[in-house]
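Heads up, the thing below is written out as structure tokens.
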Amino acid sequence: MSSLQPVRGTHDLFGDDMRRHREVLNIGREVANRFGYDEIITPIFEKTEVFKRTLGDTSDVVTKEMYTFPTKGGDEITLRPENTAGVARAFMSNGLSQQLPVKFFYGGPMFRHERPQKGRQRQFHQAGVELLGVEKPQGDVEIISLGVHFLKELGVYENTTLELNTLGDQESRQAYREALIEYFSAFKDQLSEDSLSRLEKNPLRILDSKDEGDRKLVADAPVFSDYLNDLSKDFFAQVKSGLDALGISYEINPRLVRGLDYYCHTAFEFTTTALGAQGTVLAGGRYDGLIKTMGGPATPGVGWASGVERLAMLMTRQVVEPKPVVIIPMGEAAEAKAQILADELRYAAYRVELGFSGNLKKRLNRANKQNASVAIIMGDDELAANSATVRDLSSGEQELVKLDALADKLSVYR
RNA sequence: GUGGCUGUAGCUCAGUUGGUUAGAGCACCGGUUUGUGGUACCGGGGGUCGGGGGUUCAAGUCCCCUCAGCCACCCCA
């Protein structure tokens with residue numbers, strides 16, 4: 001049994017869960033398309049460098065969560081922990097800087113070696129969008145608006161809160177970072193162990209600490225707004241007024257920071273309280289430095305990624321499949337005929353279930369379980385009359401119909 | 001990675017202070033009804049009690065290890 005369990009942190013998707021999962025991706029793709037975003041699929045693995053350079057050497061994702069291994073050819077590759085780096089790499093590989101702006105939607109599996117929990121698996125799926133080549137805050141507004149449309153179409157928007165913050169530009173961020181390091185360094189003996197390591201790696205994270213002692217120190221820590229330069233302040237103001245104009249409400253969260261190095265200016269998260277500790281459902285921001293970091297032409301970018309499993313859990317509504325037409329042949333002659341009929345109906349885009357065993361009672365019973373709307377019963381009697389019995393499963397009414405008139409008869413069950 | 005809780009049939013769960021053949025509901029299969037469904041009644045299959053080791057005359061039950069899930073931290077989508 002234990003050897004037959006799936007690998008830790010992975011699981012099989014089928015049935016209801018699969019339908020909801022697919023629905024999330026379908027809606028994401030469709031909504032993104034309305035905004036003019038085309039789908040892209042990048043490889044599931046990349047050279048390790050792609051992630052190391054873009055995510056930053058200090059992020060947890062890079063330092064302890066990547067699935068990295070050597071190939072037979074001697075390359076070191078990594079299962080993608082996220083998709084922005086892959087899209088950025090594709091952007092350069094394909095010379096897309098010649099056709100800005102570039103707008104992509106993606107969806108697929110990502111891999112992180114984390115301790116599994118609900119809403120946190122080692123193989124999980126993200127749907128996301130990237131907008132490359134727009135430096136104006138209107139780009140940020142469009143991206144956030146796209147997220148709002150997506151969540152609304154899924155029916156989960158009401159259960160989320162949009163948290164918003166700015167990380168400022170390079171200059172502001174650097175200045176604030178230094179101020180924080182200076183401030184917290186004076187309290188090294190009082191900081192929690194976690195925050196002590198954050199002081200080295202990502203001091204902004206200390207602001208978000210849940211440790212009580214840390215929080216007291218944070219209360220008197222320097223505030224970011226004092227370190228934002230005019231350009232950054234103005235940028236943020238325009239993002240906010242853009243959101244206001246679209247009627248998108250948000251809460252400013254000064255402690256909202258990013259673990260990944262490439263972010264600047266706008267950072268946002270749609271969170272929910274319905275999923276426990278894994279409450280972030282869609283998050284993103286601006287990453288103007290990314291492409292250049294990778295050795296490409298300086299190209300601004302904004303985007304977000306969403307957790308497909310988390311959204312699927314939040315989406316309580318049922319995803320319904322079209323009801324099938326069930327064909328029930330009785331006897332060998334009828335079975336041969338039924339297979340041909342099923343084939344014709346399938347070419348006509350009906351969903352057809354064809355069974356081969358059991359008595360009529362069992363098979364009607366099974367038709368109910370398959371949620372069928374109509375059953376076509378074919379036995380010797382019907383065959384003799386070149387007909388089939390068409391039984392409406394909700395009303396229980398049935399009639400004998402000539403085979404060549406079947407298509408018309410069935411059209412109401414589409 | 002740290003700490004805690006849980007693990008018995010496909011699913012949800014009983015199982016007494018350790019005691020002989022481990023149960024129920026749902027689901028599944030079959031019958032009552034050899035070609036007419038959702039109900040009802042009757043019957044059946046299915047478990048090395050997550051895995052391994054130990055204590056004991058005896059372990060689903062106690063102890064140790066291990067695996068997995070969940071919760072919090074951490075991190076993040």
Side-chain angles (χ1 to χ4, degrees), chain A residues 1-11 15 24 28 55 58-65 81-84 107-128 147 160 192-195 197-198 201-202 205 208-211 214 256-260 268-272 275-285 303-314 326 328-331 334 357-372 374-383 389-398:
Chain A
M1 186 67 176
S2 67
S3 65
L4 292 180
Q5 282 177 337
V7 171
R8 165 119 118 145
T10 68
H11 78 280
V24 171
L55 302 182
T58 60
S59 72
D60 275 25
V61 171
V62 167
T63 55
K64 42 192 189 200
E65 294 175 2
E82 54 89 56
N83 213 152
T84 300
M110 310 293 159
F111 306 85
R112 291 182 197 175
H113 192 102
E114 296 184 279
R115 183 113 167 217
Q117 223 172 292
K118 187 198 286 200
R120 189 168 80 176
Q121 299 154 247
R122 290 185 172 180
Q123 175 176 337
F124 62 106
H125 297 75
Q126 288 188 334
T160 64
S192 68
E193 209 175 304
D194 281 335
S195 286
S197 72
R198 286 189 272 235
K201 294 195 291 185
N202 191 346
R205 279 249 170 253
D208 206 16
S209 175
K210 283 170 189 161
D211 181 89
D214 289 349
L256 176 63
V257 295
R258 291 269 86 122
L260 309 182
F268 62 91
E269 268 180 35
F270 288 86
T271 60
T272 178
L275 259 33
Q278 264 57 51
T280 301
V281 117
L282 185 153
W304 49 250
S306 64
V308 176
E309 285 85 355
R310 291 180 187 180
L311 288 171
M313 279 191 283
L314 214 51
V326 171
I328 305 177
M330 305 299 290
S357 66
N359 59 32
L360 187 54
K361 176 186 165 75
K362 296 293 171 200
R363 294 164 80 167
L364 281 171
N365 209 322
R366 201 173 306 143
N368 283 325
K369 283 176 183 148
Q370 289 168 149
N371 198 27
V374 61
I376 300 172
I377 302 164
M378 302 172 77
D380 293 339
D381 297 348
E382 286 88 353
L383 278 190
T389 297
V390 174
R391 182 177 178 86
D392 184 302
L393 290 174
S394 51
S395 71
E397 286 167 18
Q398 66 181 40

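Only this structure's heavy atoms are used, side chains among them; waters, hydrogens and symmetry mates stay out. The chains referred to below are lettered A, B, ... by the order of the sequence lines, with proteins before strands, and numbering in each begins at 1.
Residue A/R310 places its side chain closer to B/A77 than to any other of B/G35, B/A77, B/G37. When each of B/G30, B/U36, B/C75 is scored by its nearest atom to the side-chain atoms of A/K362, the top-ranked nucleotide is B/G30.
Both A/K369 and A/E382 lie near RNA chain B, and the one whose nearest nucleotide falls closer to the 5' end is A/K369. With RNA chain B read from its 5' end, the first of the two nearest nucleotides for A/T10 and A/T389 is the one closest to A/T389.
Atoms CG and CD, on A/L393 and A/Q370 in that order, are 10.5 Å from each other to the nearest 0.5 Å.
At whole-Å resolution of the value, CG in A/L282 and P in B/A77 are 10 Å apart. Put simply, CG on A/L393 is 14 Å from P on B/U39, counting in whole angstrom units. Rounded to an integer number of Å, the gap from A/R122 CZ to B/C67 P is 11 Å. To the nearest angstrom, P of B/G3 lies 18 Å from CG of A/D211. Rounded to an integer number of Å, the gap from CE of A/M313 to C1' of B/C70 is 12 Å. Remark: P of B/C75 and CD of A/E65 are 10 Å apart, rounded to the nearest angstrom. In this structure, the CZ atom of A/R363 is 14 Å from the C1' atom of B/U34, given to the nearest Å. Rounded to whole Å, atom C1' of B/A77 lies 8 Å from atom CG of A/L311.
With hydrogens and angles ignored, no donor-acceptor pair under 3.5 angstrom links the side chain of A/Q121 to the base of B/G69. On a pure distance criterion of 3.5 Å, a polar donor-acceptor pair joins the side chain of A/R391 and the base of B/G37.
Here the separation of B/G54 from B/U61, taken at their P atoms, is 14 Å to the nearest Å. For the P atoms, the distance linking B/C74 with B/G15 amounts to 37 Å, nearest Å. When the P atom is compared between B/A9 and B/G51, the two are found 10 Å apart, to the nearest whole Å. The separation of B/U39 from B/A27, taken at their P atoms, amounts to 8 Å, rounded to a whole angstrom. Only the P atoms considered, B/U48 is 12 Å distant from B/C11, to the nearest whole Å. Remark: the separation of the C1' atoms in B/G52 and B/G37 is 50 Å, to the nearest Å. Taking the P atom of each, B/C5 and B/C41 are spaced 43 Å apart, rounded to whole Å. Taking atom P in both B/G23 and B/G19, one finds a spacing of 14 Å when rounded to whole Å.
Using a 4.0 Å heavy-atom criterion, one finds that A/E193 contacts no nucleic acid atom at all. The residue A/I328 sits apart from the nucleic acid: no heavy atom pair falls under 4.0 Å. The residue A/A367 sits apart from the nucleic acid: no heavy atom pair falls under 4.0 Å. Among the protein residues, A/G9 comes within range of the sugar-phosphate backbone only, with heavy atoms under 4.0 Å from sugar or phosphate atoms but none that close to a base. As judged by a 4.0 angstrom heavy-atom cut-off over every strand, A/N83 is placed among residues making no nucleic acid contact. Nucleic acid contact for A/G284: none, since no nucleic acid atom lies under 4.0 Å from a heavy atom of the residue.
No donor-acceptor distance shorter than 3.5 angstrom exists from the side chain of A/T271 to the backbone of A/G279, with no hydrogens or angles considered. A donor-acceptor contact shorter than 3.5 Å is absent between the side chain of A/Q123 and the backbone of A/G9. Side-chain atoms of A/R310 come within 3.5 Å of backbone N or O of A/G119 as a donor-acceptor pair. Under the 3.5 Å distance criterion, the side-chain polar atoms of A/R122 are matched with a main-chain donor or acceptor of A/E114. Under a 3.5 Å cut-off, the side chain of A/R112 and the backbone N or O of A/E82 do not form any donor-acceptor pair.
Shown here, B/A72 forms a base pair with B/U2; the pair counts as Watson-Crick or G-U wobble because both key distances fall under 3.5 Å. Taking a pair to require two hydrogen-bonding distances under 3.5 Å in either a Watson-Crick or a G-U wobble arrangement, B/G37 remains unpaired. Base-pair partner of B/U12: B/A24 (Watson-Crick or G-U wobble, both distances under 3.5 Å). With both pairing distances under 3.5 Å, B/C29 is matched to B/G43 as a Watson-Crick or G-U wobble pair.
Note on A/K361: every side-chain N or O is 4.0 Å or more away from OP1 and OP2 of B/G31. Proximity of A/N359 to the phosphate of B/G35: a side-chain N or O atom is located under 4.0 Å from OP1 or OP2. OP1 or OP2 of B/G69 lies within a sub-4.0 Å distance of a side-chain N or O belonging to A/R8.
When all heavy atoms are compared, the tightest approach of A/A277 to A/Q117 is CB-NE2, 4.2 Å.
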Can you name the atoms? Protein N/O to nucleotides 71-73 of chain B N/O, anything below 3.5 Å, with the distance.
unit_1	atom_1	unit_2	atom_2	d
B/C71	OP2	A/K118	N	2.7
B/A72	OP1	A/A277	N	3.4
B/A72	OP2	A/Q117	NE2	3.2
B/C73	OP1	A/K210	NZ	3.3
B/C73	N4	A/R120	NH2	3.1

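With hydrogens and angles left out, the side-chain atoms of A/Q398 and A/T389 include no donor and acceptor closer than 3.5 Å. Using a 3.5 Å distance cut-off with no hydrogens or angles, the side chains of A/D211 and A/S192 do not pair a donor with an acceptor.
Inter-residue side-chain proximity for A/V257 and A/N202 is flagged as unmet; no heavy-atom pair is nearer than 4.5 Å.
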